[in-house]
Amino acid sequence: MKYIASQIRAINQKIDMILFFHGVPLGVGDGHYFPLMPSFEPRPASDDDFETNFNNGRLTMARKSSGPLRTPDAALVQIETGESFCNACLNALGYLARYLEQTISVPDRYEMSDRLPPNVVLHWNILALMDSRMDGCHLCTLISAHVPPRASQMMQHLRVELVLYSEKGSELRAEDTRLACALTPSSETERTSDNYRGLFKLRLWPSPKNDNIFPRQAPSGDCRLPSLLESSPRGKNTRSAKRMAIEWLDRCKNNHGGIHGACAAEDSSWLPTRLLDLSNAGPGGMVTVVCPGKRTELFTTQKTPYITLSHSWGNWQEAGLPRLLDENKDQYGQDGIRFDDLPLLFRDAIEIARWFEVRWLWIDSLCIIQNSPGMSDWAHEALLMCKVYKFGLLNISADDSYDARDGCFRDRLEAVVTPFKLRMANLERSWWVAMDERDVFDWVSAAPLSQRAWVFQERQLTRRALHFTKHEVFWECSAADPYCACETFPEGSPFSIRFLRMNKYEPSALLSGHDRNSKLRVWLSICEDFSAKALTFERDRLPALAGLASEFAPLFPRDRYVVGFWSSTLPEALLWSTEHTKRKPGLRDVYVAPTWSWLSSDSSVSFRVIPRSDHKLPCKVAEVRAIHVTPCSPSPFGTVQTDACIDLEGILRSIRVVQTRLPSDPTKWYNPDSTRKYQLFVDGRDWGKVYAMGDISYHPDNPGESVGKNSNDSQDKTVGESTEWSGYCFPVAVSRHSDHLRSRLVLEGLLLHKIDSQNVFKRVGMIGSYDEGALPVIYQLGDEVSEDEVRMVNRKIPILDPQINKRPVRQSDRPTEGSIEGHTDSSDEENKQESSSRNDAGPIGLYDIYQVRAESSFQKLSSSVIRII
């Protein structure tokens, strides 16, 4: 029985190990580097043997030996900032100093067989790591903060390694060195990506070059501003960031370094409809809801500062979240709300507001009536969100809180936010060691609050934000660069990329000098990011974007905003596709947007309208004839009536898409991968061989969603659930995409489902045809046309030139029935002239300007006017 029990334990251990490593990205170097060589072992595994016991659910452990002793390598390193390091860490860092010397100083002296491995065993198991943490080792404390909870089930079977590498390639350089920490099975001898899990990375910043990033003490006689670190030692709770936060705001308000002009540019005397009065807030005190328009005696100064709060309502909203309601608004306005009855998050926000001596606080649940008749107050205030956050002094962002019970402040390990200075005596050089870019900013970008759509808008609109995360407090403002700071880097982030490219976008004042395409590119980036965010109620999707839309409206003074688009970008902007990364589903209890709008999708989306640098600008092959969208309020940015539709003129083709080869995972056949191949039938004719090399991209908006029946079909159709789909293709734009291998002609259009006999459709996806595969869609090809002839004609089509309509047109080039305009960066007057000429052009002929009309077998198709709802 003991043997069977031991075998069962071994099997369970193996299963736990597989589950622990399965599907986890390496993280070490983000794929740039993976150590193939066996790790250097500075000491025997027996040093980390423990006796363990569980008593009353508590783990007790004791080393079987005296623990690791220092090796000669340990003498090569010193910790200049005074933190305590265990012998195991000194041994490992000393070995890496020796490795760095070999690699940097004399890389050619050693044969490959003599080279040292870049990875070293730090601890033979996690028990040893935890033991060193309890003894106060700085590095072991830092590592333990990143060990996933699941690893506790395998504490004796996972070892800890350190890896030295470069982000910019295999060549290790002193100026670009990373130190990664990883877990791997203690018993594994063969190293593979399946048994190596990266935890986090540290970056080595050479000293004295980067001493200004990590100031500890100002030299005597130095008259510069006092160091934030000098005045604000880090504590065991994020509440200790108070003095840093005050300094950050003071520097911003005083335009420190001349980079904060945009932060103060939006100062205004405007005030929200309601604010919370904190003058009597505190234990036993009251918080009153005040209407500035009715209590003008309280707002005598020209500019009254107020602070806003961004938080997640979570699942607690109905159960206990204090809300302003029709039935309690008079009580909250006269008597107030008991401070002690407020949830922890609101009490913390009041404490933070008092750091800055601000009396007024805005919290959505207490400053908007949540159940007014017809939700009228909510609808009115939702359209004011732009001003509420734009004109606030500061926004408190409770990033790590799932709901208001969680609070803002967090206990944490000081080592996580405390850089240390490491000297390598053999190289006679020193480095500052601190968390690397991804691991620092993940605490904001991967926080629960960052996944919310309302909060995404709030972050973009506010001038200044104070982020309270799991491990530290971040400062973010609208200064040039953009500017951010945190407890690890209180003087400002030294990284060239902030927040993992999820920055605050530039305010209108900075965008106003940019060309039209630059503005559109920023807007589309905002839309793509917004589309990935979740809402409790999907009906809020348009209102949650309304503030940003109103902020961008002055940048497009002659444009009309329609359900997430600017009208001048249509129809090309209709070429969006879903990424099939589903958001957390909200309650789609009401109509949100027409199917042609990206806001109708419950997945994240990407746009094709503004191409990358290796793409030529697209030429339209369809035209907008009318847009019928009626807002539900006087504002064009909010919700719309359910009869919204768009009328387009262009070519409509009946098609059938057949997938001839399934991907490796048949449950996800709609995700494009290298194993998929298609056949395309256009008006019944099989052009499958044209697409045998994957020359078609097929993007259903909602795979598996039933779209009903076409008017001439007898069976229900389902998009993406099978390997075949029939419906209609409506081409929108054609362009050239170039890479280092070839230049490809690309025709992209909408997948449509017909819902009645009057040319009324709903969008169900997007489709792209490449090279000669574009011709059968856009032309009526004669029966005698061979695939070789199609390829020959395709080669005659040059790379599209968006300026083609600006040069003199030769008689041989001149179209007889129409032309194609491309996007330009022209002025409004030029756009107006182009629009006028476009309206007079008549039906569109795709290849007229490419001299292909002489091919009699390629008959132009007549255009149709369709309506998409």
Side-chain angles (χ1 to χ4, degrees), residues 25 27 145-149 199-201 234 237-241 244-245 248 307-317 321 343-346 348-349 352 363-364 389 394-413 416-417 435-462 464-477 482 484-489 493 495 497-505 526 528-536 544 581-584 586 604:
H146 293 83
V147 173
L199 294 180
F200 68 99
K201 295 178 294 182
R234 301 166 181 82
N237 186 283
T238 52
R239 186 179 267 107
S240 64
M244 283 190 187
W248 287 329
I307 285 176
T308 57
L309 173 67
S310 289
H311 68 107
S312 175
W313 287 36
N315 296 324
W316 190 51
Q317 52 184 313
L321 181 69
L344 178 60
L345 179 60
F346 292 4
D348 285 350
I352 295 166
I363 301 177
D364 53 1
Y389 285 92
L394 172 74
N395 182 52
I396 299 168
S397 184
D399 290 43
D400 194 50
S401 301
Y402 285 94
D403 60 42
R405 293 170 292 184
D406 290 339
C408 286
F409 304 116
R410 295 290 181 270
D411 291 332
R412 48 93 184 277
L413 298 170
V416 176
V417 293
M435 299 295 293
D436 197 28
E437 169 190 353
R438 177 170 294 279
D439 299 284
V440 169
F441 292 128
D442 251 356
W443 296 333
V444 173
S445 59
L449 197 66
S450 70
Q451 313 307 313
R452 309 301 300 177
W454 278 109
V455 175
F456 174 83
Q457 175 179 247
E458 293 160 8
R459 180 184 170 217
Q460 302 305 323
L461 295 174
T462 188
R464 309 176 182 98
L466 202 58
H467 297 270
F468 289 82
T469 73
K470 182 178 181 180
H471 290 291
E472 61 179 318
V473 176
F474 285 77
W475 170 269
E476 182 182 25
C477 65
C484 63
C486 59
E487 293 179 82
T488 302
F489 300 102
S493 169
F495 301 109
I497 298 174
R498 276 85 174 202
F499 293 102
L500 308 182
R501 300 190 186 278
M502 289 185 284
N503 298 322
K504 275 171 56 64
Y505 292 96
I526 286 176
E528 288 178 345
D529 291 345
F530 179 85
S531 70
K533 307 304 180 183
L535 284 162
T536 301
T581 51
K582 296 284 186 179
R583 301 183 297 262
K584 181 180 179 181
S604 58

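Residues take their numbers from the sequence shown, with the count starting at 1.
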K.L.:
Would Arg405 and Leu344 count as a side chain to side chain contact (heavy atoms under 4.5 Å, CB included) here? Give the steps.
P.N.:
CA-CA 5 Å; Arg405 293 170 292 184; Leu344 178 60; 6.0 Å; no

K.L.:
Hey, are Arg410 and Glu472 close enough for a salt bridge, meaning a charged N less than 4.0 Å from a carboxylate O?
P.N.:
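No, no charged N to carboxylate O under 4.0 Å.
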
K.L.:
Are the side chain of Thr462 and the backbone of Arg459 linked by a donor-acceptor contact shorter than 3.5 Å?
P.N.:
no

K.L.:
Working note: Asp399 + Phe468, criterion side chain to side chain contact (heavy atoms under 4.5 Å, CB included); need CA distance, chi angles, decisive distance, verdict.
P.N.:
CA-CA 6 Å; Asp399 290 43; Phe468 289 82; 5.7 Å; no

K.L.:
On a heavy-atom basis, which atom in Gly314 and which in Asp403 lie closest, and how many Å separate them?
P.N.:
CA-CB, 4.1 Å

K.L.:
Once rounded to the nearest 0.5 Å, what's the spacing between atom OG1 of Thr469 and atom CZ of Arg412?
P.N.:
8.5 Å

K.L.:
With rounding to the nearest 0.5 angstrom, report the NZ to CG distance, Lys201 to Asp436.
P.N.:
5.0 Å

K.L.:
What distance separates Ile363 CD1 from Phe346 CZ, expressed to the nearest 0.5 Å?
P.N.:
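Rounded to the nearest 0.5 Å, the CD1-CZ separation comes out at 4.5 Å.
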
K.L.:
Distance only, no hydrogens: is a donor on one side chain within 3.5 Å (strictly under) of an acceptor on the other, for Trp454 and Asp364?
P.N.:
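No donor-acceptor contact under 3.5 Å links the two side chains.
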
K.L.:
Do you know which two heavy atoms are closest between Asp411 and Asn237, and how far apart they sit?
P.N.:
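Distance-wise, the nearest heavy atoms are OD1-ND2, 2.7 Å.
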
K.L.:
If you look at every heavy atom in Met435 and Phe200, which pair is closest and at what distance?
P.N.:
CE-CD1, 3.8 Å

K.L.:
Check the pair Gln457 / Leu461 against side chain to side chain contact (heavy atoms under 4.5 Å, CB included), numbers first and verdict last.
P.N.:
CA-CA 6 Å; Gln457 175 179 247; Leu461 295 174; 3.5 Å; yes

K.L.:
Output the distance between atom CD (Glu487) and atom NE2 (His471), rounded to the nearest 0.5 Å.
P.N.:
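Here the rounded value is 11.5 Å.
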
K.L.:
If I take atom CZ from residue Phe474 and atom SG from residue Cys484, how far apart are they, to the nearest 0.5 angstrom?
P.N.:
7.5 Å

K.L.:
Is a side-chain donor-acceptor pair under 3.5 Å present for Asn395 with Thr308?
P.N.:
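Yes, a side-chain donor-acceptor pair sits under 3.5 Å.
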
K.L.:
Asp348: which residues meet the side-chain hydrogen bond (donor to acceptor under 3.5 Å, both in side chains) condition with it, sequence neighbours left out?
P.N.:
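Result, side-chain hydrogen bond (donor to acceptor under 3.5 Å, both in side chains) vs Asp348: none returned.
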
K.L.:
Is there a donor-acceptor contact under 3.5 Å from the side chain of Ser312 to the main chain of Tyr402?
P.N.:
yes

K.L.:
Please report the shortest heavy-atom distance between Thr238 and Cys408, naming the atom on each side.
P.N.:
OG1-O, 4.3 Å

K.L.:
Taking the side chain as every heavy atom from C-beta outward, state whether Val473 and Phe409 have any pair of such atoms under 4.5 Å apart.
P.N.:
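No, their side chains stay 4.5 Å or more apart.
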
K.L.:
Provide the closest heavy-atom pair for Cys477 versus Trp475 in the form atom of the first, atom of the second, distance.
P.N.:
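Closest pair (atom of Cys477, atom of Trp475, distance): SG-NE1, 3.5 Å.
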
K.L.:
Given Ser401 and Leu345, is the side chain to side chain contact (heavy atoms under 4.5 Å, CB included) satisfied, shown in steps?
P.N.:
CA-CA 8 Å; Ser401 301; Leu345 179 60; 4.2 Å; yes

K.L.:
Minimum heavy-atom separation for Ser397 and Leu449, please, with both atom names.
P.N.:
OG-CD2, 3.4 Å

K.L.:
CG/Asp442 to OG/Ser450 distance, rounded to the nearest 0.5 angstrom?
P.N.:
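Rounded to the nearest 0.5 Å, the CG-OG separation comes to 9.5 Å.
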
